[in-house]
Number of protein chains: 2
Amino acid sequence: MLNLHTPSPARWLTHVSANLNELLIDHAHCEKKAAGVAMNLLFAYVDRVELVRAMSAIVQEELGHFHLVLDLLDRRGVRFRKLPASRYAGRLHALANKEEPMRAVDRLLIAALIEARSCERFGLLRDHLGDRELADFFGGLFESEARHHATYVRLARLFAPEMKVAARLEELAVAEAAIISDGEEIPRMHS
Amino acid sequence: MLNLHTPSPARWLTHVSANLNELLIDHAHCEKKAAGVAMNLLFAYVDRVELVRAMSAIVQEELGHFHLVLDLLDRRGVRFRKLPASRYAGRLHALANKEEPMRAVDRLLIAALIEARSCERFGLLRDHLGDRELADFFGGLFESEARHHATYVRLARLFAPEMKVAARLEELAVAEAAIISDGEEIPRMHS
């Protein structure tokens with residue numbers, strides 16, 4: 001699915017289903033961080049008009065989602081708070097090339113893979129959570145993650161030929177699958 | 001006006017009027033940076049719901065303005081490009097307290113003063129530019145800068161008592177006036 005090399009292990013769904021409030025708080029942070037990543041890419045490659053326009057749109061959309069999660073937390077009486085993050089995104093970003101133009105390609109493809117994993121997991125939550133409000137909520141976000149994945153892959157092709165981008169996406173997807181298979185002890189969107 | 005201690009020197013208007021394309025490119029960068037500042041504040045104080053909501057709105061609005069300027073540049077056949085920034089914002093940020101909670105107060109008040117100066121200068125451009133399209137364009141942004149100024153001052157009061165915020169705003173406004181009186185050689189929104 002969406003270039004991912006492995007589905008989420010079943011233990012992930014069991015783990016987060018038993019810790020939904022913590023998952024929701026983490027999800028809010030993820031939406032905020034997704035907005036931050038898009039803003040950083042906009043700043044880094046501000047002379048690429050197509051990228052700038054796409055990143056602006058993603059910043060605005062992710063901030064919109066961030067507020068949807070904050071509202072959901074409010075309705076459920078769950079206080080939004082700081083939370084130790086999973087190591088997933090940090091481990092992926094550590095793989096990014098240090099030199100341009102491949103650094104741009106890597107940053108965009110890593111963002112693409114994170115969106116793909118979110119998309120896959122929103123699908124799992126939509127299909128399996130007993131809590132209908134939450135299942136519908138995650139289902140409603142599914143489409144935008146898939147769209148963002150496609151946008152990031154398309155933008156990577158501004159910086160390198162299509163074949164090179166495809167090969168690198170394959171490499172990074174293999175690394176992403178290994179990180180996901182390792183898993184983590186804390187219940188997070190990307191644990 | 002809006003807590004500013006000195007009006008812009010007349011030489012500023014003369015200088016930028018003779019370099020409108022460069023001013024517009026700088027203006028685009030300023031809108032982008034304003035979005036970045038609001039995003040950084042959102043990240044830094046994410047447990048303050050009122051601040052988070054206000055910063056999200058400002059990020060979205062500033063990115064909208066950024067695109068208005070990009071469109072204007074497009075219509076005028078001016079290529080958006082990187083440009084050395086004025087030293088104004090850097091000199092102001094260097095004045096920020098290093099310790100919380102006064103660091104939060106300072107960051108918000110410095111943002112408030114930058115918005116105030118932009119507002120004053122948009123008013124000057126609206127009232128004095130011979131180019132009606134540009135004069136109307138800047139006039140259209142005037143109100144939002146004034147509103148952002150008020151928002152930032154209000155948010156500073158989340159971190160310190162009103163009297164302390166007022167006294168610090170006074171100090172920073174004096175420093176801002178000195179920086180503006182120095183001026184700069186390059187034609188910029190905040191030179």
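Every chain is numbered from 1, with letters handed out A, B, ... down the list of sequences.
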A:Glu162 atom CD, neighbour heavy-atom count above 12 within 6.0 Å: no
Stepwise side chain to side chain contact (heavy atoms under 4.5 Å, CB included) check, B:Val52 with A:Lys32: CA-CA 10 Å; B:Val52 162; A:Lys32 179 199 73 176; over 6 Å; no
Option that, when pairs with chain A are counted at under 4.5 Å, heavy atom only, ranks first among B:Lys33, B:His67, B:Met39: B:His67
Under 4.5 Å from a heavy atom of chain A, the part of B:Arg79 involved: neither
A:Leu124 with A:Ile186, same ILVMFWY side-chain cluster at under 4.5 Å: no
Residue part contacting chain A, namely of B:Lys82, when any heavy atom lies under 4.5 Å: side chain
B:Arg87 atom CZ, neighbour heavy-atom count above 12 within 6.0 Å: no
Point-to-point distance, once rounded to the nearest 0.5 Å, from CG of B:Leu63 to CD of A:Gln60: 5.0 Å
Distance, nearest 0.5 Å, that separates CZ of B:Arg48 from CZ of A:Phe80: 13.5 Å
A:Glu133, CD: over 12 other non-hydrogen atoms inside 6.0 angstrom: yes
Single-linkage hydrophobic cluster B:Val174~B:Val153, side-chain heavy atoms < 4.5 angstrom: no
Contact class of B:Ala35 relative to chain A, heavy atoms under 4.5 angstrom: both
Pairwise distance CD(A:Glu62) to OG(B:Ser56) - rounded to 0.5 angstrom: 12.0 Å
Interface moiety of B:Val49 toward chain A, non-hydrogen atoms closer than 4.5 Å: neither
Test item: B:Asp47 and A:Arg81 side chains (from C-beta on) under 4.5 Å apart, heavy atoms: no
